[in-house]
Amino acid sequence: MINEMPEFYQPQVIEPKWQELWEQTGQYTAVAGGDKPKYYFLEMFAYPSGDLHWGHIRNYTIGDAVARYKAHCGYNVMHPTGFDSFGLPAENAAIQRKVEPHEWTLKNIENMTKQFKAMGYGYDWARAFNTCEPEYYRWNQWLFTRLFHAGLAYKKKSAVNWCPECQTALANEQVDNGACERCSATIEKRKMEQWYFRITDYAERLLDGHAQLDWPEDVLLMQKNWIGKSRGVEFAWALEGNDAELRVFTTRPDTVFGVTFMVLAPEHPLVEELTTPEQHAAVAALRDEVKSMSEMDRASTELEKKGAFTGAYALNPMDGSRVAIWVANYVMMEYGTGAIMAVPAHDQRDFEFARKYDIPVRIVIAPEGANMNADEMTAAFEAKGVMVNSGAYDGMRSDISWTKIAEEMEARGIGTRTINYRLRDWCISRQRYWGTPIPIVYCDQCGMVALPDEQLPLLLPTDVQFTGAGESPLTTSVAFMNTTCPQCGGPARRDADTMDTFVDSAWYFLRYCSPQCETAAFDAELVRYWMPVDMYIGGREHATMHLIYARFFTMALHDIGLLEFDEPFTKLFNQGIVTAGGKKMSKRSGAVPPNNVIAEYGADAARLFILFMAPAGERAEWGVDPETGKPFTVPAGIEGIDRFLNRYWRQIHMHGSAFTGEWVSVVDACDTRGQDMRRKTHQTIKRVTADIERFQFNTAIAAMMEMTNELYSYAAAGLAAT
RNA sequence: GCCCGGGUGGCGGAAUGGCAGACGCAACGGACUUAAAAUCCGUCGGUAGUAAUACCGUGCGAGUUCGACUCUCGCCCCGGGCACCA
């Protein structure tokens, strides 16, 4: 074996040889069953943007290193990959360059598969699939119909986030600070009828499930904040001279005696009715102003609080006091009831508003043993304290009165303790072409009808126009749009929208267990064997999108009876991003493919380099060439890795392999120096093992470098002695 | 504004309360070579000193400890998440 090795390290010779052999022998083909414990290892699959770049390389190299390590540890490892291949870039390419989205996507997949293979990753390629193929998306449709029948997929008309650039609705999760997460265009609100998944029904379980997950704390926290649970009381206010009631949600029932005004969101349905003729102009002006504002400006905390008095009054159910009803830009229709009770003494936002419009401030909670003066307050007192000016509750601790007041409201039948979540239902309709068609038809007789399984897949039509404007491109295919009702056979129309691509990735990990299954989205038996995913690796940016959606899907499919577990990913690791000039490396910001490094130094050098350059969980700066202003095609530090690989190669070529145990036996019988060498070998094994376990690949590599350096001194000393 | 994470040589980084700077890059000096590349040997936080060595040094300021990059408190800066969520 050693004799066959070339004298110099030649990755261009070695790597293809082994890669070919792995493919021939099925080295990484996973087979369910056997005595070994299973280990399902997954990295978030790639979008086929064109080229693999160093951000991908980092993710997949970490995954591959640990997957191989687990296999060596005696696990039956499944390590699949594929392509998340529906999405906007393919469609934009179609509009701009007149290429078929399918053709564009497949070309990219072909190229990236080549790059994946050149990197020498140990994937089970037989399990690979592309989500844009009917063989995959038919199961999206199949699952959609099941969610539909279970009442978890529903259609409603509401204000959706509309991206004017992408010409489509977006889910809340895909809006970043009022801007489109993809293209950064400012999001508008549009009233549209859209499909939703009932993820809010799972808010509590999504929180509870955290207890059983071995995930990074910050991701759990991000999800927790995203779900945004708050406990409070929803209760009714009577209106003066009006039979309707005004419902509000508050997390501070203990401050109810301090209410000095009420605020409605400008979109609140009661605004029109309550506004008196004298106040109409002012209220209308405010509503118009808010309506014309972008989501970004509207949601900004910097926005000056503005309001208008409606002329109407509400009556406090606790003490009968009469308070003015305002409309203001700082109350959101989407949360709670779209109306609030305002307590300026104990809520900073209400305080600012009251000061601006000269509304009284009434203190009802005071810090223990201290006096407060409403006129002298410069900020709201939001902490706990002792009740004052609160009738029968005076003198009680505010946290106790919280419960007492809530109980009183419940006893009197005017309110109930409720929980509100910030999480919104997941809007999945997209007015785009390159996605999964929604398997629903609209029949004049039968209404909305889900396609039966035997009519799936519902294929994406190819005779469409890509105008990039207006409604979904699918409407331009007459053959697609006009159909017959599966129930009554009468004329019917199809849904022109496609599904959010996050639906594809919400369950793809299940498909890998049985990628060829023809009878269902997945084979129950194989899913029982392989799932859940034991280790999942991907970017932190998916904390509140993909990772929440995937957990929701798993729970929903569990409830429908398709799965026996309800959490998909046992362990999660977030690799750090690769930046170039401080900006995340991506197709859009100038990505560097690994090709040059592989050609010049080999895949092993590429892999070691990306693992060595920074701790796996932290950001890694790639570096920008000061002359061109673009990221380096070949990084400066690669020389050190190349030197190490060469030193290592020569060492083994000359003296045999320390890492196969030959050194250990050779030095076993030797002098003290030999014993030191043996000790170093074992220390290195221990260090590298521990470092891989804790995802510290940079120090694992450093340990192997030290070992190699020591072998050199040992060999040099040995030669000098003889 | 609130919630996380971080701040260590010229650079990437190491050090799970115990010799700060492992490992690597860059730089510099040397060996080999006609020469270069490659390789090998060495120097490489600051100040003083020929040197041994001494003093200073992990964003800033305090504290706990025999001992602090590490723990606690306050502040500054950088990165990320959330953001009129009632």
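Note that the structure is a prediction, hence the values are computed from the model and not measured. All heavy atoms count here, side chains included; hydrogens, waters and symmetry mates do not. Below, chains carry the letters A, B, ... as their sequence lines are ordered, and counting in each starts from 1.
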Engineer: Under 6.0 Å between ring centres, would you say that holds for Phe695(A) and Phe697(A)?
Structural biologist: yes

Engineer: For A38(B), which nucleotide is its Watson-Crick or G-U wobble mate, given both distances must be under 3.5 Å?
Structural biologist: none

Engineer: Just how far, in rounded Å, is C1' of C85(B) from CG of Asp350(A)?
Structural biologist: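 So the CG-C1' distance, Asp350(A) to C85(B), works out to 13 Å.
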
Engineer: Taking only side-chain nitrogens and oxygens of Thr699(A), does any of them come within less than 4.0 Å of OP1 or OP2 of C23(B)?
Structural biologist: no

Engineer: By nearest nucleotide on RNA chain B, pick out whichever of Glu621(A) and Asn329(A) is the more 5' one.
Structural biologist: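 Whichever sits nearer the 5' end wins; that is Glu621(A).
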
Engineer: When the distance from CG of Asp691(A) to P of A22(B) is rounded to whole Å, what number comes out?
Structural biologist: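 Spelled out: CG on Asp691(A) to P on A22(B) is 17 Å.
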
Engineer: Rounding to an integer number of Å, can you tell me how far Ile638(A) CD1 sits from A26(B) P?
Structural biologist: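 Computing the Ile638(A):CD1 to A26(B):P distance gives 12 Å.
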
Engineer: Partner of A15(B) by Watson-Crick or G-U wobble geometry, both contacts under 3.5 Å, or none?
Structural biologist: none

Engineer: Can you tell me the base-pairing partner of G79(B)? Count Watson-Crick or G-U wobble geometry only, both distances below 3.5 Å, and say none if there is no partner.
Structural biologist: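 Because both required distances fall under 3.5 Å, G79(B) counts as paired with C4(B).
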
Engineer: Of the candidate nucleotides C40(B), A86(B), C84(B), which contains the atom at the shortest distance from the side chain of Thr251(A)?
Structural biologist: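 Between C40(B), A86(B), C84(B), the one nearest the side chain of Thr251(A) would be A86(B).
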
Engineer: Rounded to whole angstrom, note down the P distance from G30(B) over to A62(B).
Structural biologist: 46 Å

Engineer: At under 4.0 Å between heavy atoms, what does Val343(A) touch on the DNA or RNA strands: base, sugar-phosphate, or nothing?
Structural biologist: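 No contact at all - Val343(A) keeps every heavy atom at 4.0 Å or more from the nucleic acid.
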
Engineer: For U33(B), which nucleotide is its Watson-Crick or G-U wobble mate, given both distances must be under 3.5 Å?
Structural biologist: none

Engineer: Return the value, rounded to whole Å, for the distance between atom CD of Glu706(A) and atom C1' of A14(B).
Structural biologist: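 Taking atom C1' of A14(B) as the reference, CD of Glu706(A) is at 10 Å.
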
Engineer: Of all the nucleotides listed (A86(B), A15(B), U39(B)), which has the minimum atom distance to the side chain of Arg694(A)?
Structural biologist: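 So the nucleotide nearest the side chain must be A15(B).
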
Engineer: Taking the C1' atom in each of A31(B) and G24(B), what is the distance between them to the nearest angstrom?
Structural biologist: 23 Å

Engineer: When all nucleic acid strands are considered with a 4.0 Å heavy-atom cut-off, which category describes Met613(A): base, sugar-phosphate, or nothing?
Structural biologist: sugar-phosphate

Engineer: Within the structure shown, what part of the strands sits under 4.0 Å from Asp347(A) by heavy-atom distance: base, sugar-phosphate, or nothing?
Structural biologist: nothing

Engineer: Does the side chain of Asn709(A) get closer than 4.0 angstrom to OP1 or OP2 of G24(B) through an N or O atom?
Structural biologist: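 It does, given that an N or O in the side chain of Asn709(A) lies less than 4.0 Å from OP1 or OP2 of G24(B).
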
Engineer: Where does G9(B) land, syn or anti, given syn is within 90° of 0?
Structural biologist: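 It is syn.
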
Engineer: Can you check whether Trp426(A) and Tyr549(A) have ring centres sitting under 6.0 Å from each other?
Structural biologist: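 Yes, they do, as the ring centres are separated by less than 6.0 Å.
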
Engineer: Is any side-chain heavy atom of Asn59(A) closer than 4.5 Å to one of Ile537(A)?
Structural biologist: yes

Engineer: Give the rounded distance in Å between these two atoms: CH2 of Trp622(A) and C1' of C25(B).
Structural biologist: 14 Å

Engineer: Consider the side chain of Ala702(A), meaning its heavy atoms from C-beta on, and name the nucleotide among C84(B), U39(B), A22(B) that approaches it most closely.
Structural biologist: A22(B)

Engineer: Met332(A) CE to C85(B) C1': how many Å, rounded?
Structural biologist: 9 Å

Engineer: Sticking with atom C1', work out how far G81(B) lies from A27(B), rounded to a whole angstrom.
Structural biologist: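 My reading of the C1' atoms in G81(B) and A27(B) gives 40 Å.
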
Engineer: Classify Arg643(A) by what it touches in the nucleic acid, base, sugar-phosphate, or nothing, heavy-atom distance under 4.0 Å.
Structural biologist: sugar-phosphate

Engineer: Which value, in whole Å, describes the distance between the P atoms of nucleotides A26(B) and U34(B)?
Structural biologist: 27 Å

Engineer: Contact class for Thr337(A) (heavy atom, under 4.0 Å): base, sugar-phosphate, or nothing?
Structural biologist: nothing

Engineer: If we take the C1' atom in both C73(B) and G18(B), what is their distance in whole Å?
Structural biologist: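 So the two C1' atoms sit 24 Å from each other.
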
Engineer: Please compare Met705(A) and Ala614(A) by the position of their nearest nucleotide in RNA chain B and report the one closer to 5'.
Structural biologist: Ala614(A)

Engineer: Would you mind reporting whether Phe569(A) and Leu547(A) have side-chain heavy atoms less than 4.5 Å apart?
Structural biologist: yes

Engineer: Within the structure shown, what part of the strands sits under 4.0 Å from Asn225(A) by heavy-atom distance: base, sugar-phosphate, or nothing?
Structural biologist: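 Result for Asn225(A) = nothing.
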
Engineer: Can you identify which nucleotide, out of A22(B), C40(B), C85(B), has its nearest atom closest to the Tyr335(A) side chain?
Structural biologist: C85(B)

Engineer: Can you figure out which of C25(B), A86(B), C84(B) approaches the side chain of Tyr330(A) most closely?
Structural biologist: C84(B)

Engineer: Return the nucleotide paired to C71(B): Watson-Crick means purine N1 to pyrimidine N3 with N6-O4 or O6-N4, wobble means G-U with N1-O2 and O6-N3, both under 3.5 Å.
Structural biologist: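 Checking every strand shown, C71(B) finds its partner in G63(B), with both distances under 3.5 Å.
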
Engineer: Does NZ or CZ of Lys571(A) fall inside the cone over Tyr536(A)'s six-membered ring, less than 6.0 Å from its centre and within 45° of the axis?
Structural biologist: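 Checked: cation-pi criterion not met.
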
Engineer: Suppose we define a pair by two distances each less than 3.5 Å, Watson-Crick or G-U wobble; what does C44(B) pair with here?
Structural biologist: none

Engineer: With the side chain of Arg647(A) defined as its heavy atoms from C-beta on, choose the nearest nucleotide among G81(B), C40(B), G12(B).
Structural biologist: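 Closest nucleotide among those given: C40(B).
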
Engineer: Quick one: which of A86(B), C40(B), G24(B) gets closest to the side chain of Phe612(A)?
Structural biologist: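 It is G24(B).
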
Engineer: Contact class for Asn646(A) (heavy atom, under 4.0 Å): base, sugar-phosphate, or nothing?
Structural biologist: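 If one applies the 4.0 Å heavy-atom cut-off, Asn646(A) turns out to touch nothing in the nucleic acid.
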
Engineer: Among Phe197(A), Tyr421(A), Phe552(A), which residue meets the ring pair (Phe, Tyr, Trp, His ring centres under 6.0 Å) test with Tyr202(A)?
Structural biologist: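 Checked Phe197(A), Tyr421(A), Phe552(A) against Tyr202(A); only one passes ring pair (Phe, Tyr, Trp, His ring centres under 6.0 Å): Phe552(A).
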
Engineer: Can you measure Asn420(A) atom CG to C84(B) atom C1' for me and round it to whole angstrom units?
Structural biologist: 16 Å

Engineer: State, yes or no, whether a side-chain contact exists between Asp350(A) and Val361(A) at a heavy-atom distance under 4.5 Å.
Structural biologist: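 They are not in contact (no side-chain heavy atoms under 4.5 Å apart), so the answer is no.
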
Engineer: Evaluate Tyr313(A) against Ser321(A) for side chain to side chain donor-acceptor pair (under 3.5 Å), listing each step before the verdict.
Structural biologist: CA-CA 10 Å; Tyr313(A) 291 87; Ser321(A) 60; over 6 Å; no

Engineer: Is Asn698(A) close enough to A14(B) that one of its side-chain N or O atoms is under 4.0 Å from OP1 or OP2 there?
Structural biologist: yes

Engineer: Scan Gln223(A) against the nucleic acid and name what it touches under 4.0 Å (heavy atoms): base, sugar-phosphate only, or nothing.
Structural biologist: nothing

Engineer: In whole angstrom, give me the gap between the C1' atoms of A14(B) and U8(B).
Structural biologist: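 Each nucleotide's C1' atom is 10 Å from the other's.
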
Engineer: Distance between the P atoms of G21(B) and A36(B), in whole angstroms?
Structural biologist: 35 Å

Engineer: With P as the reference atom in both, quote the distance from C85(B) to G10(B) in angstrom, rounded to an integer.
Structural biologist: 45 Å

Engineer: Of all the nucleotides listed (A86(B), C25(B), G79(B)), which has the minimum atom distance to the side chain of Arg619(A)?
Structural biologist: G79(B)

Engineer: Quick check, are the ring centers of Trp326(A) and Phe353(A) under 6.0 angstrom apart?
Structural biologist: yes

Engineer: Write down the distance between CD (Glu541(A)) and C1' (C4(B)), rounded to a whole number of angstrom.
Structural biologist: 17 Å

